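Report on the structure given below.
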Amino acid sequence: MEVIYEYAWLIPVLPLLGAMLVGVGLISFNQTTNGLRQLNAAVIISLMGAALGLSSALLWSQLQGHPTYLRTLEWAAAGNFHLSMGYTIDNLTALMLVIVTSVAFLVMVYTDGYMAHDPGYVRFYAYLSLFGSSMLGLVVSPNLVQIYIFWELVGMCSYLLVGFWYDRKSAADAAQKAFVTNRVGDFGLLLGILGLYWATGSFEFNLMGDRLAELVQTGSISNFLAVLFAILVFLGPVAKSAQFPLHVWLPDAMEGPTPISALIHAATMVAAGVFLVARMYPVFEHVPAAMNVIAFTGAFTAFLGATIAITQNDIKKGLAYSTISQLGYMVMAMGVGAYSAGLFHLMTHAYFKAMLFLGSGSVIHGMEAVVGHDPALAQDMRLMGGLRKYMPVTGLTFLIGCLAIAGIPPFAGFWSKDEILGAAYASNPFLWFIGWVTAGITAFYMFRMYFSTFEGKFRGKDEKIKDKLLKAKTILLEVDAPELAPTFGPGAMKKGELAATDGHHDGHGHHSSSPHESPWTMALPLVVLAIPSIFIGLVGTPYNNYFERFIYSPTESLAEVLEKAAEFDPHEFYIMAGSSVGISLIGITLASLMYLLRKIDPAAIADKIKPLYELSLNKWYFDDIYHRVFVLGLRRLARQVMEVDFRVVDGAVNLTGFFTLVSGEGLKYLENGRVQFYALIVFGAVLGLVIFFGVT
């Protein structure tokens with residue numbers, strides 16, 4: 001087995017090799033490379049499959065008890081400073097490698113069907129492979145500097161993928177928003193890394209934690225500095241994992257193709273933030289104030305995302321806010337010290353959220369045959385309904401995902417979410433209450449999504465709804481991009497003329513009277529992902545604790561974990577589980593009464609609680625506030641700085657030049673070359689000085 005560890009470096013290198021080969025082909029032989037679409041896809045999928053096989057072998061070896069493997073080489077040295085690069089394989093690394101490679105592999109298979117008609121098919125595969133390689137490199141990194149390098153590479157790949165359809169203004173804006181928002185968090189992370197190195201002299205996770213605790217205890221550095229450094233590092237995960245207040249980029253990232261939405265939300269970019277919190281846990285654990293900040297940030301984000309998801313009509317935006325909420329659960333778990341529970345939920349969420357996003361892509365793919373490629377129509381749940389009859393595989397797998405995320409036993413999400421809620425209750429009952437209420441809201445909005453999409457009567461041919469949605473889109477465009485508004489107005493959208501603004505850019509309008517099931521390349525990954533969405537939670541039940549015995553805090557020993565497991569109280573578990581399942585069932589019941597049985601009118605309730613409804617519909621006004629404060633505010637500041645630059649800086653430079661010019665012009669008349677004249681000037685100057693000093 002040791003030989004596997006010696007070649008573990010191939011796991012991130014194989015997808016990188018695929019991206020490089022295809023990228024060089026696109027640059028050098030563009031037409032030929034684009035012509036060999038299937039071959040390029042097969043190469044990239046095969047290389048990711050090989051990485052998945054190697055990752056699975058490493059996970060099996062770690063499950064058998066293989067010790068942590070570390071391989072490094074000196075990358076830079078100056079005096080006492082030494083920086084090593086390499087890779088490490090431990091339990092957490094092995095688990096994350098399998099999660100990333102398995103989800104990425106299935107997303108790549110799915111992409112063949114979803115992007116079949118897109119002219120950027122080959123380029124998209126190259127980006128996907130580079131994205132996967134970046135995340136895998138981040139996972140195996142043995143120190144904070146190497147993590148930061150891959151951290152930035154992940155951010156760059158997300159920019160390329162979110163803005164893949166860059167000819168659409170909304171996609172280009174979303175890519176910029178994601179990039180800029182993440183730069184805010186990454187700058188904080190960089191400051192935190194530098195501060196921790198200044199304090200501890202190390203970039204190694206465990207060494208930093210131990211030395212920081214020792215320095216605070218001895219008074220060598222103040223507790224304030226320790227808290228500051230920890231929170232600065234946490235800013236990186238706040239941005240990457242879309243935690244409040246840097247959560248605003250994630251819903252806009254839905255402008256990218258659906259496969260990348262699945263990969264970002266399930267296993268790569270947003271998972272990177274939670275993974276970094278886990279890696280930095282030895283540092284955070286010794287700073288209680290930072291742990292409290294992490295816990296309350298996660299709890300508030302979970303509630304925030306859930307309350308906004310309630311009113312979303314775009315199926316992808318609803319899932320995006322769901323991701324924000326679920327990431328909040330994971331971050332809250334880390335903050336309350338439930339290291340294992342947070343990573344357990346990361347694992348289960350990766351599979352059922354990937355399935356839900358790919359399911360939404362399957363729905364959009366089927367809807368485009370009826371309503372065309374305009375996302376205002378193809379992604380709006382108000383035009384859906386009854387799709388289970390037309391898309392049985394997509395409908396069944398989507399239902400499984402909804403049951404899993406709602407926390408209904410025995411599906412995967414129940415076991416991981418319940419473990420987080422139990423840990424939160426033991427740490428702070430208020431945090432548990434927030435998580436418990438959020439669980440009910442989650443069940444409500446997910447089944448609102450399911451019932452609106454898959455049950456009832458199909459509404460895709462309702463011209464009144466279409467016109468209403470297109471008018472709403474025209475109004476938005478008149479505000480954001482007036483030059484594009486005529487393209488999307490109801491008058492421009494005559495039958496057979498729907499613009500190809502989304503999806504595959506093939507120019508096809510609607511050409512079918514009903515949706516259709518997706519091809520096997522899209523349906524098969526859904527079926528495969530449904531299996532872990534149902535069963536993978538069973539590895540972490542409180543009765544066996546397999547997961548907790550494998551993934552536990554680096555500051556704990558296995559003996560301590562087993563001792564805690566032996567204290568398991570089944571009665572307490574039944575009470576906690578019963579309460580979380582109970583509120584989830586209440587949420588599902590309300591959703592069924594509103595959107596399935598139509599016994600309750602959602603519009604009437606919205607009118608009664610209009611301020612709260614408007615708050616949710618407008619995303620708590622965060623986008624508006626940020627636009628006014630940061631976008632408009634910074635523009636105003638920039639104009640003032642430009643004014644100062646023009647009047648003061650440029651004025652000073654121009655005045656200096658003018659003075660030099662005038663003085664030079666005046667002095668040239670004194671330069672006549674006669675020595676007697678120069679002697680007279682010197683005599684006059686000396687006489688003037690004598691008179692001046694004589695008078696004074």
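Remember, predicted model here, so these are calculated numbers, not experimental data. All values below were derived from every heavy atom in this structure, side-chain atoms included, with hydrogens, water molecules and symmetry-related copies excluded.
Seen from the ring of Phe275, Arg279 does not count as a face-on cation partner, given the 6.0 Å and 45° thresholds. Under the 6.0 Å distance and 45° angle rule, Arg123 counts as a cation-pi partner of Phe164.
Using a 4.5 Å cut-off on side-chain heavy atoms (C-beta onward), Phe131 and Val154 make contact. Residues Met280 and Leu144 meet the side-chain proximity criterion, which asks for heavy atoms closer than 4.5 Å. Inter-residue side-chain proximity for Phe398 and Thr453 is flagged as unmet; no heavy-atom pair is nearer than 4.5 Å. Counting heavy atoms from C-beta outward, Phe203 and Ile147 have side chains that stay 4.5 Å or more apart. Side-chain contact between Pro15 and Leu136 is present, with at least one heavy-atom pair separated by less than 4.5 Å. Between Ile11 and Leu58 the shortest side-chain heavy-atom distance falls below 4.5 Å. A 4.5 Å side-chain heavy-atom check between Glu368 and Ile364 finds at least one atom pair inside the cut-off. Looking only at side-chain heavy atoms (C-beta outward), Val122 and Val22 come within less than 4.5 Å of each other.
Using modelled atom types, one side-chain atom of Asn143 and one backbone atom of Ser84 make a donor-acceptor pair closer than 3.5 Å. Without hydrogens or angle criteria, Glu517 side chain to Val393 main chain gives a donor-acceptor distance under 3.5 Å. With hydrogens and angles ignored, the 3.5 Å screen pairs a side-chain donor or acceptor of Lys316 with a backbone N or O of Met254. Formation of a donor-acceptor pair under 3.5 Å by the Ser133 side chain with backbone atoms of Pro12 is found in this model. Checking side-chain atoms of Ser102 against main-chain N and O of Ile99 turns up a donor-acceptor pair under 3.5 Å. Between the side chain of Thr323 and the main chain of Leu319, a donor-acceptor pair closer than 3.5 Å is present. Without hydrogens or angle criteria, Tyr166 side chain to Ala175 main chain gives no donor-acceptor distance under 3.5 Å. Checked by atom type and distance alone, the side chain of Ser141 pairs as donor or acceptor with a backbone atom of Gly137 at under 3.5 Å. Judged purely by atom type and a 3.5 angstrom limit, Thr111 uses its side chain to pair as donor or acceptor with the backbone of Val107. No donor-acceptor pair closer than 3.5 Å links the side chain of Asp186 to the backbone N or O of Glu152.
In this structure, Ile551 CD1 and Gln62 CD are separated by 9.0 Å, a value rounded to the nearest 0.5 Å. The OG1 atom of Thr348 sits 10.5 Å away from atom NZ of Lys353, with the distance rounded to the nearest 0.5 Å. Here the CG atom belonging to Leu47 is positioned 10.5 Å from the CG atom belonging to Leu16, to the nearest 0.5 angstrom. With rounding to the nearest 0.5 angstrom, the CG atom of Leu356 is 5.5 Å from the SG atom of Cys402. Distance check, rounded to the nearest 0.5 Å: SG of Cys157 to CE of Met269 gives 9.5 Å. Going from atom NE2 of His516 over to atom CG of Leu387 covers 11.0 Å, rounded to the nearest 0.5 Å.
Closest heavy-atom contact between Val100 and Gly132: CG1-O, 4.5 Å. Closest approach of Pro519 to His365, counting heavy atoms only: CD-CE1, 3.9 Å. Minimum heavy-atom separation, Ser362 to Thr394: OG-OG1, 2.7 Å. The two residues Ala378 and Gly372 come nearest to each other via the heavy atoms CB-O, 3.9 Å. Among all heavy-atom pairs drawn from Ser241 and Val270, the shortest one is OG-O, 2.5 Å. Counting all heavy atoms, side chain and backbone alike, Met522 lies closest to Gly361 at CE-O, 4.1 Å.
The aromatic rings of Phe458 and Tyr390 sit perpendicular to each other, their planes meeting at more than 60°, with 30° as the lower class boundary. Ring pair Tyr69/Tyr5 is tilted by interplanar angle, where 30° to 60° counts as tilted. Using bins of under 30°, 30° to 60° and over 60° for the plane-to-plane angle, the ring pair His349/His345 lands in the tilted bin.
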(request) List the steps and the verdict of side chain to side chain contact (heavy atoms under 4.5 Å, CB included) for Tyr114 and Thr258. (result) CA-CA 8 Å; Tyr114 190 84; Thr258 301; 3.1 Å; yes

(request) Any chance you could lay out the side chain to side chain contact (heavy atoms under 4.5 Å, CB included) test for Phe81 and Tyr197, step after step, and finish with the verdict? (result) CA-CA 11 Å; Phe81 174 80; Tyr197 180 76; 2.9 Å; yes

(request) In sequence, state the C-alpha distance, the side-chain angles, and the governing distance for Leu189 and Leu276, and then conclude on side chain to side chain contact (heavy atoms under 4.5 Å, CB included). (result) CA-CA 11 Å; Leu189 173 61; Leu276 182 58; 4.0 Å; yes

(message) Please evaluate residues Leu128 and Ile44 with respect to the criterion side chain to side chain contact (heavy atoms under 4.5 Å, CB included), reporting the C-alpha separation (whole Å), side-chain torsions for both, the decisive distance (0.1 Å), and the verdict.
(response) CA-CA 9 Å; Leu128 276 181; Ile44 283 180; 5.9 Å; no

(message) Apply salt bridge (charged side-chain N to carboxylate O under 4.0 Å, His left out) to residues Asp173 and Lys177 and explain how you reach the verdict.
(response) CA-CA 6 Å; Asp173 289 346; Lys177 187 175 182 179; over 6 Å; no

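Salt bridge absent: Asp112 and Arg37 never bring a charged side-chain N and a carboxylate O closer than 4.0 Å. Note on Glu255 versus Lys317: no salt bridge recorded, every NZ/NE/NH1/NH2 to OD/OE distance being 4.0 Å or above.
A ring-centre distance under 6.0 Å is found for Tyr121 and Tyr125.
At most 12 heavy atoms of other shown residues, nucleotides or ligands fall within 6.0 angstrom of atom CD in Gln31. The environment of Met20 atom CE is sparse: at most 12 non-hydrogen atoms of other residues, nucleotides or ligands sit within 6.0 angstrom.
Between Ile89 and the choices Leu97, Val139, Thr68, the side chain to side chain contact (heavy atoms under 4.5 Å, CB included) rule is met once, by Leu97.
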